[in-house]
Number of protein chains: 2
Amino acid sequence: MPPPPQAGLDGEPQQTAAAAQPHTGTGAGSTRERILDIALELFVEQGYEKTSLRDIAEQLGTTKAALYYHFERKQDILLELHLRLHALGRDAFEELARLEDGQRADAWPALVDHLIDQVVENRELILMHQRNSNALRELTDTERHRAENDDIEELFRRVLQSPAIPLEQRVRMTCSLTAIVGTLATGDAIFGDVPIEELAELVRVAVRDLLRVPEPSRATSS
Amino acid sequence: MPPPPQAGLDGEPQQTAAAAQPHTGTGAGSTRERILDIALELFVEQGYEKTSLRDIAEQLGTTKAALYYHFERKQDILLELHLRLHALGRDAFEELARLEDGQRADAWPALVDHLIDQVVENRELILMHQRNSNALRELTDTERHRAENDDIEELFRRVLQSPAIPLEQRVRMTCSLTAIVGTLATGDAIFGDVPIEELAELVRVAVRDLLRVPEPSRATSS
DNA sequence: GTCTATATTTCGATAGAC
DNA sequence: GTCTATCGAAATATAGAC
C-alpha cells in the first residue's frame, strides 16, 4: 500500500538553505574537515546520540543529505574523530612500547610530561572521548578491524597491567593518568579563570609527587 | 486522514510476556526499585540513549507500557538514579560545608578517606554518572528545581573554587578527586584481578602523597 | 498493575533531479 | 556536491480493556 504522495510536509522540515557560505574546494579547510569540526563541537555539547545530522547540516549551512556525500554513515563521523585522537597518541606510542618492553618505570615521568602537553592542546577531543565513551565503545565493536591492537586505550591498559611493574607503581601511574585527563580536560568549569599553561604546570608538579619522582632538593627516604 | 487500522504489526514487536516472575508488592524490593536496578545496569552497559524502555521491560519480564505506571517519563528513571547519587554525598555534605566555611584544608584528607569508601561501595552508580554525563546534564536543564544548590558536583566546584585556598592546593584536591573516581570506578578493566579493598588502600596512600599529607615517619622538608 | 494496540515524533538513510 | 522528497525503522508515550 503506497503512502499518499502528498507533497510539502514530512514532519521533518527541510532547511531553506539560506546561510550557505562559499568555501574552498579541497584542502585543510575542506567541507569534510568543517563537518568534523562542527561535529566535534556538537558531540561535546550535546552528546553523539542527541546530535542529529540535521543539527550538523544546519550549522554547516547545508542539508542533511549533503553530509552523505562526505560520510556514508553517521558513525563514520564519530570514527574519524576517534582516529584524530589515535593520531595524537602515535607520538607517545614509542615511549609506551619502550615501557612495555624494557619495563623501566623511570621512563614514565617523561611520558607524563608529553601527555600533559597533548591534553592541553586537545582538550575538546579529550572531552568528546570521555563524554561519549558509550558511543565510542559500540564503534569499536563494529569496526574491530582497526581498533584492536590499534587503540590507545588498549595500549595504556597493557602497560598498566604489566606484571613486571609493582602493583603500587601501576596504581600510581593510573592515578596520574586519570588526574591529568580529569583535571585538565574538565578543569574549565573550576579553573576557568586560570591560564591553562599555569594549570598544566601545577598538575605536572602534583603528579610528580604522585609518582614519587625525586626532586633535586629532596632526599629519597624509603 | 486516519491510518489503516490494521492489527498485528507496528514495526515494534510486543513481547509475548512469557517470563513474568512474581514479585513482592511494595517494599525495598518493590517493582519500582527493581526497575531502577535494571536501568542502572543497562545505562552503564549501553548508555542511557541506547537503552530503550523495551530493553528494561524485557529484563523485568513485563512490557513497556507497564513501566509507565511507575515512571511518567523515561527521564524520570534517570533522575531517580541521579538522586541516589546525591543521597550518597549527603554524608560528605557537612564536611564539605566545614571546608567551605572554615577554609581549613587540613580537613580534606578525612573527606578523601570517606569519598574512597563511597566510591568503592557504589562503583556502578559512579560509572553510570560519568558514562552518561550528557544525558544527566540535560536532565538538570529540565529540572532545575531540585538540581541547583542541590547538586553534589556544584558543591564540590564551589569548594574547589574557594579563593581562600591556595591555587596549588586546589589543583591537588581536584587531581585527588579525579584520580580516586577514575582509578577506582573504571579500574575494573585494568585491575580486575586485584581485590577492590587492596586497590582502594593503594589509592589512599598515593593520594596522600598528592595532597602532601605528612606521614608519621617522614620529614616535612619544604 | 499489567496488558494490547496505536498514536506521534524523530532520526538515519536513499533516490534521483540539478 | 548539493538539493527536495520520501522511506523505513526505531523510540517515547498514550488509550483503554482486563
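We use all heavy atoms of the structure for the numbers below, so side chains are in, but hydrogens, waters and symmetry mates are not. Chain letters run A, B, ... following the sequence lines, proteins first and then strands; every chain starts at 1.
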> Using the side-chain heavy atoms of B/K64, tell me which of these nucleotides is nearest: D/dT2, D/dT12, C/dG12.
D/dT12
> Would you say a side-chain N or O of A/Y69 is under 4.0 Å from OP1 or OP2 of D/dT2?
no
> Using a strict heavy-atom distance below 4.0 Å, which residues from residues 41-51 of chain A are in contact with DNA chain C?
A/T51
> Could you tell me the separation between the CD atom of B/E72 and the P atom of D/dA13, rounded to a whole number of Å?
10 Å
> Roughly, in whole Å, what's the span from CZ in B/R73 to P in C/dT8?
20 Å
> I want to verify a distance call: between C/dA15, C/dT4, D/dA13, whose nearest atom is closest to the B/Y68 side chain?
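The answer is D/dA13.
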> Pair up each side-chain donor or acceptor in residues 124-131 of chain B with any protein partner under 3.5 Å, not counting sequence neighbours, and list the distances.
| unit_1 | atom_1 | unit_2 | atom_2 | d |
| --- | --- | --- | --- | --- |
| B/H129 | NE2 | B/E153 | OE2 | 2.9 |
| B/Q130 | NE2 | B/T186 | OG1 | 3.1 |
| B/R131 | NH1 | B/V44 | O | 3.1 |

> Between B/R123 and B/D188, does any NZ, NE, NH1 or NH2 come within less than 4.0 Å of an OD or OE carboxylate oxygen?
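Salt bridge present between B/D188 and B/R123.
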> Between C/dT2, D/dC3, D/dA13, spot the one nearest the side chain of A/A65, thanks.
D/dC3
> Could you tell me which non-hydrogen atom of A/A200 sits nearest to which non-hydrogen atom of A/V120, and how far apart they are?
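Result for this residue pair: CB-CG2, 3.8 Å.
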> What heavy-atom pair brings B/T178 and A/A179 nearest, and what distance separates the two atoms?
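Closest approach of B/T178 to A/A179, heavy atoms only: OG1-CA, 3.3 Å.
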> Of all the heavy-atom pairs spanning B/F43 and A/N134, show the shortest one and how long it is.
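Nearest pair, atom of B/F43 first, then A/N134: O-ND2, 4.4 Å.
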> Expressed in angstrom and rounded to an integer, what is the separation of A/I56 atom CD1 from C/dC11 atom P?
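Going from A/I56 (CD1) to C/dC11 (P), I get 12 Å.
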> How would you list, by chain and number, every residue that makes a side-chain hydrogen bond (donor to acceptor under 3.5 Å, both in side chains) with A/R170, sequence neighbours excluded?
none
> Is the positively charged end of A/K74 above the ring of A/Y68, judged by distance under 6.0 angstrom from the centroid and angle within 45° of the axis?
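No, A/K74 and A/Y68 do not form such a contact.
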> Measure CG/A/L53 against P/C/dC11 and give the value in whole Å, please.
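Atom CG in A/L53 sits about 9 Å away from atom P in C/dC11.
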> Between C/dT2 atom C1' and B/E58 atom CD, what is the distance in whole Å?
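Going from CD in B/E58 over to C1' in C/dT2 covers 17 Å.
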> Reckon A/T63 has a side-chain N or O less than 4.0 Å from the OP1 or OP2 of D/dC3?
yes
> What is the distance, rounded to the nearest whole Å, between atom NE2 of B/H70 and atom P of D/dT14?
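Spelled out: NE2 on B/H70 to P on D/dT14 is 16 Å.
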> Between C/dT14 atom P and A/R54 atom CZ, what is the distance in whole Å?
20 Å
> How many whole angstroms separate atom CG of A/D76 from atom P of C/dA13?
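These atoms are roughly 8 Å apart.
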> Measuring from the side chain of A/K74 (C-beta onward, heavy atoms only), which nucleotide among D/dC3, D/dA11, C/dG12 has the closest atom?
C/dG12
